[in-house]
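Sequence positions, counted from 1, serve as the residue numbers for this chain. The figures here come from the full heavy-atom set of this structure, side chains too, leaving out hydrogens, waters and symmetry mates. Order of appearance sets the numbers: ligands from 1, and atoms from 1 within every ligand.
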Amino acid sequence: MASRPAVFIDRDGTLTEEVGYVNHPKRLRLLPRSAEAIRRLNTAGVAAVLVTNQAGIARGYFSEDVLDAVIAELAAQLSDAGARLDGIYICRHHPTEGEAPYRLRCECRKPRPGLLRQAASELDLDLARSVVVGDRPSDLELASVVGARGVLVLTGYGLGEWEYRRDRFVVEPHHVASDVLDAVEWSLKELVG
Ligand SMILES: [Mg+2]
Ligand SMILES: [Zn+2]
């Protein structure tokens with residue numbers, strides 16, 4: 001069988017509210033239309049894959065156990081709403097902050113493509129028929145590096161980036177979406193028609 005398309009979704013500011021470092025599960029808030037966005041992907045048979053940089057680990061702001069609890073809370077909130085992520089991929093590193101093993105010039109910190117390549121291999125995904133959705137220019141750069149399409153959402157940092165810092169974008173978005181559901185609707189039209 002041919003590889004599946006995927007929509008890779010950033011966490012903070014895209015799927016959940018941007019609140020700074022999420023150092024307790026109670027700080028995690030799904031954005032209003034996030035669960036519906038994931039449900040649409042589930043129904044369409046398009047992989048829904050979370051891809052997030054959590055350098056708070058490297059910086060020592062929160063532990064692996066706290067990160068695990070936050071991710072479990074996210075999965076539980078989605079599950080309560082009938083939505084399921086097909087994969088969750090996290091970079092815990094920072095190139096210059098903290099200590100080993102997390103202080104590392106890794107291949108997985110977005111916009112480097114390590115997490116997407118790992119997901120593609122483990123979940124049999126076709127990166128060229130995939131979309132990366134996020135609220136930062138680095139998410140668009142990540143899309144470009146793997147030959148996927150990039151969508152900027154205007155939630156989180158997205159609105160400010162788009163209104164005030166657009167001239168610094170090194171990769172243009174294929175689509176600018178009001179939120180993750182809008183991004184998923186656009187992606188489904190692109191990927192499955
Ligand atoms: Mg973000
Ligand atoms: Zn990394």
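- With the Zn ion (ligand 2) as the vertex, SG (Cys108) and SG (Cys91) define an angle of 120°, rounded to 10°.
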(request) Quick one: do Arg149 and Leu191 satisfy side chain to side chain contact (heavy atoms under 4.5 Å, CB included)? Show the steps, please. (result) CA-CA 10 Å; Arg149 278 155 270 199; Leu191 299 175; 3.8 Å; yes

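- When the Mg ion (ligand 1) is compared with the N/O/S atoms of Asp10, atom OD2 turns out nearest.
- Under a cutoff of 6.0 Å and an axis angle of 45°, Arg136 and Tyr157 form a cation-pi pair.
- A donor-acceptor pair under 3.5 Å is formed between the side chain of His94 and the backbone N or O of Glu97.
- Among the heteroatoms counted here (N, O or S) of His93, ND1 is the one nearest to the Zn ion (ligand 2).
- For residue Asp12, an N/O/S atom approaches the Mg ion (ligand 1) to within less than 2.8 Å.
- Panel note: side chain Arg39, backbone Ala81; a donor-acceptor pair is recorded below 3.5 Å.
- The distance from the Mg ion (ligand 1) to the nearest N/O/S atom of Asp135 is under 2.8 Å.
- For the pair Glu99 and Arg103, the salt-bridge criterion is not met [side-chain N within less than 4.0 Å of a carboxylate O].
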